[in-house]
Amino acid sequence: MFLLSKLFWVFAQPLSLAFLLSALATVLIAVGWRRLGGLAALLTALVLFVTLFTTTGTMALQALEGRIPKPMQEPRSVSCMIVLGGVLENEVTTVRGGIELNQAADRFVEALRLARNHPQARILISGGDGSISGAYEGEAQAAERFFSAFGIPADRLVKENASRTTYENTVNTAGLLKAQGLDDCLLITSAFHMPRSMGLFRAAGTEVTPWPVDYRTSGIVRLSLDFTQPALNAQLTTTAAREWMSLTAYYLTGRIGEIFPK
C-alpha cells in the first residue's frame, strides 16, 4: 500500500497529470484521432491554467486549514506533545548532517516554544524515512539534534522512528503513548494536515487536542484569477490535491470514519 500510494502520487499531481495529458494528446493526433487528441490537449491547457493562474488550489488548501481551528488559549498544563514528521529534508541531513528544515518547520518551532513554557511535558516525535528507497535517516532520530541544540534534554523526547505515512504515525504513536503512560497530549502538525490526522487518531481511539500550525493561506482568499505567482499557485494546488486525495483514500479504505473530519 505504501509503495502504491507513492507511485500513484507521482502521476496524479497536477503538473504530472498535465504532462501525461499532453503526451496522450500527441499520440492521439499522431495516429489520426484528432478529435480525441484535441480534447486531451484542451484538458492539458485547462489543468495548467487552473493550477498556475487561479486561486483554486489556495481555496482548496484554505478549506483544509479552516476545518479544525487552534484553541483560543494555550492550556495551563501540557503533559505531552505529539509532533508529526515532515519537517526535515531527510535526504540532505543524511548526507550533510546538521538540521535542514523545510516549509513545515513551524511544527518543530511551536513544539520548542511549548516545551519551554511547559518544562514537564514530554515530546513525542513521530516520523521515519518516508522515501521509496528507505535509505535516509529517520526524522525522529534527526529531531533529537534540533531540540538538543536549544537545550531540550534527550530524556524529554520519545522517538517514533518507524512510520512512513500518517496512518503509521497514528498506529505507532498510539502504542508508544500507552507504553509510556502518556495522555492529555497536544497534536502538533500543519493546519492543512490536521483533519486527516485527527480522523486517524479518533479511529485509533486516542484522544488528543489539535494544535495546528504551519498555515499556508491567509484564510480570506476568494476564487479569482492570479497571474502574479504561478509557481506558488502550483505549489499550493499540489499540496491541496495531495491532502484531499489522501482524505478520500483513507475514507474509502475505512481508515477514517468521515471524509472531512472536524
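Listed by first and then second residue, the salt bridge (Lys or Arg N to Asp or Glu O under 4.0 Å) pairs that reach into residues 201-214 are Asp214-Arg216, sequence neighbours excluded. Here ring-ring contact (aromatic ring centres under 6.0 Å, His included) pairs that include residues 185-229, with residues two or more places apart or in two chains, are Phe53-Phe227. Applying the salt bridge (Lys or Arg N to Asp or Glu O under 4.0 Å) test to every pair with at least one member in residues 138-155, sequence neighbours left out, gives these pairs: Glu137-Arg145, Glu144-Lys159.
Every side-chain contact (heavy atoms from CB on, under 4.5 Å) that Gln235 has, sequence neighbours left out, goes to Gln103, Leu232. Applying the salt bridge (Lys or Arg N to Asp or Glu O under 4.0 Å) test to Arg164 and every residue at least two apart in sequence or in another chain returns Glu168. Applying the salt bridge (Lys or Arg N to Asp or Glu O under 4.0 Å) rule to Arg196 yields the partners Glu243; only residues at least two apart in sequence or on another chain are considered. By the side chain to side chain donor-acceptor pair (under 3.5 Å) test, Gln62 pairs with no residue at all, sequence neighbours left out. Val27 is linked by a side-chain contact (heavy atoms from CB on, under 4.5 Å) to nothing, counting only residues two or more places apart in sequence or in another chain. With sequence neighbours left out, the ring pair (Phe, Tyr, Trp, His ring centres under 6.0 Å) criterion links Phe147 to Phe108. Not counting sequence neighbours, the partners of Ala174 by the side-chain contact (heavy atoms from CB on, under 4.5 Å) test are Thr206. Applying the side-chain contact (heavy atoms from CB on, under 4.5 Å) test to Ser224 and every residue at least two apart in sequence or in another chain returns Thr55.
Screening Val47, Thr54, Leu48 against Thr51 for a side-chain contact (heavy atoms from CB on, under 4.5 Å) leaves a single residue, Val47. Each of Leu186, Leu112, Ile152, Val158 was evaluated against Ile123; a single residue qualifies, Ile152, per the side-chain contact (heavy atoms from CB on, under 4.5 Å) test.
Remark: side-chain polar atoms of Gln120 are paired, donor with acceptor, to backbone N or O of Val78 under 3.5 angstrom. Looking at Glu91, its side chain never comes within 3.5 Å of a backbone N or O of Thr93 through a donor-acceptor pair. With Ser79 contributing its side chain and Ala121 its backbone, the two residues share no donor-acceptor pair below 3.5 Å. Side-chain atoms of Asn233 come within 3.5 Å of backbone N or O of Asp226 as a donor-acceptor pair.
When all heavy atoms are compared, the tightest approach of Ser22 to Thr44 is N-OG1, 3.1 Å. Across Arg255 and Leu200, no two heavy atoms sit closer than the pair O-CD2, 3.6 Å.
More than 12 heavy atoms of other shown residues, nucleotides or ligands fall within 6.0 angstrom of atom CZ in Phe260.
Leu88 is not listed as a side-chain neighbour of Glu100, based on a closest heavy-atom distance of 4.5 Å or more. Proximity of Leu182 to Arg122: side-chain heavy atoms (C-beta onward) are separated by under 4.5 Å at one or more points.
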In a table with atom names and distances, give each donor-acceptor pair under 3.5 Å that connects a side chain of residues 1-12 to protein atoms at least two apart or in another chain.
unit_1	atom_1	unit_2	atom_2	d
Ser5	OG	Met1	O	3.3
Ser5	OG	Phe2	O	2.7
Lys6	NZ	Gly130	O	2.8

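Donor-acceptor pairing under 3.5 Å is recorded for the side chains of Thr173 and Ser126.
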